[in-house]
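Counting convention: from 1, in listed order, for ligands and their atoms alike.
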Amino acid sequence: MYFTVLTLFPEMFSALLAGGIIKRSVESHRISIETIDIRDFSTDHHHTVDDRPYGGGCGMVMKPEPLAGAIRHARGKHPGANTILLTPQGRLFDHGVARELAECTELILVCGRYEGVDERISSDLVDEELSIGDYVLTGGELAAMVVIDAVSRLLPGTLGNINSAQEDSFSTGMLKNPQYTRPRVFEGVEVPEVLLSGNHEAIRQWRRQTSLIQTFLKRGDLLLDQPLTSGDIEFLHKLHQDIETIIEKHSTTS
Ligand code: 4FD
């Protein structure tokens, strides 16, 4: 996957190459991350990239000419690429969108600064606007890095363990079960017995059930549109009954 990032701060992207899975993916040529400095496409000799908003108001807007030049340059190199602008106005980026983008071979990520970019850029030169969440950042760079990270780890061969992307929260549509590693007792807290049992079926069931409980407690909304197995329903039914028994016990004694 070829990521081409258009930004006024190309040095920020060196953070992705500092270590970890993304660095390794670049080294093994599974992905490439090329940055293009939007300022190189400014058309005046002061290298201006922003200007005051028409109609007045505070803050600055990114001028269209440098952005248009940078986008056309990137598209010239990658004619088949999808051009994405990171903006709070965009479609909400989630695991499903990450999977969609992982099918592309070339992505151009456009990072805005200031109060935003001239509307004619977003409407005419961008294929899609994405937002990584409902908050405002000082620039699109961190959002672009979030997209690069989330998409890259889904590409074949990117993970040490290919299965882990499939077993992720949001791939299963549920939160991950709790994870433990050595030591067996940490600050007086033990690892659940079943994980030491060697009983693989019991472990699988424990993982599924704790995953269901965590999802119910922290993100109940996810369970509403998720396919549940008959084992899941049985487990939830049993919990339901246990809870009713407790409530009844307390309402008859008080
Ligand atoms: N939530 C996000 C993306 C960018 C950003 C910017 C238009 C503002 C948040 C274009 C307006 C870029 C996000 C820069 N803030 N700020 O994904």
Under 6.0 Å from the CD atom of Glu193, do we count more than 12 heavy atoms belonging to anything else shown?
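Atom CD in Glu193 is not packed in, count stays at 12 or less.
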
Is the number of heavy atoms from other residues, nucleotides or ligands under 6.0 Å of Tyr114 OH greater than 12?
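It does: Tyr114 OH has more than 12 such atoms within range.
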
Write 'none' if nothing qualifies; otherwise put on separate lines each N/O atom of ligand 1 with a protein N/O atom under 3.5 Å away and their distance to 0.1 Å.
unit_1: ligand 1; atom_1: 1 (N); unit_2: Ser131; atom_2: OG; d: 3.2
unit_1: ligand 1; atom_1: 1 (N); unit_2: Gly133; atom_2: O; d: 2.8
unit_1: ligand 1; atom_1: 1 (N); unit_2: Tyr135; atom_2: O; d: 3.2
unit_1: ligand 1; atom_1: 15 (N); unit_2: Leu137; atom_2: N; d: 2.9
unit_1: ligand 1; atom_1: 16 (N); unit_2: Leu137; atom_2: O; d: 3.1
unit_1: ligand 1; atom_1: 17 (O); unit_2: Ile132; atom_2: N; d: 2.8

Begin with the C-alpha distance, continue with both residues' side-chain angles, and end with the deciding distance and a verdict on side-chain contact (heavy atoms from CB on, under 4.5 Å) for Thr87 and Val117.
CA-CA 9 Å; Thr87 155; Val117 308; over 6 Å; no

Using links of under 4.5 Å between side-chain heavy atoms of ILVMFWY residues, direct or through other members, which residues join Phe186 in one cluster?
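Members besides Phe186: none; it forms no cluster.
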
Is Leu175 reachable from Leu223 through a run of I, L, V, M, F, W or Y residues, each pair having side-chain heavy atoms under 4.5 Å apart?
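Not linked; separate clusters.
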
Can you name the closest pair of heavy atoms from Asp221 and Asp225 and give their distance?
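That closest heavy-atom pairing would be O-OD1, 3.9 Å.
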
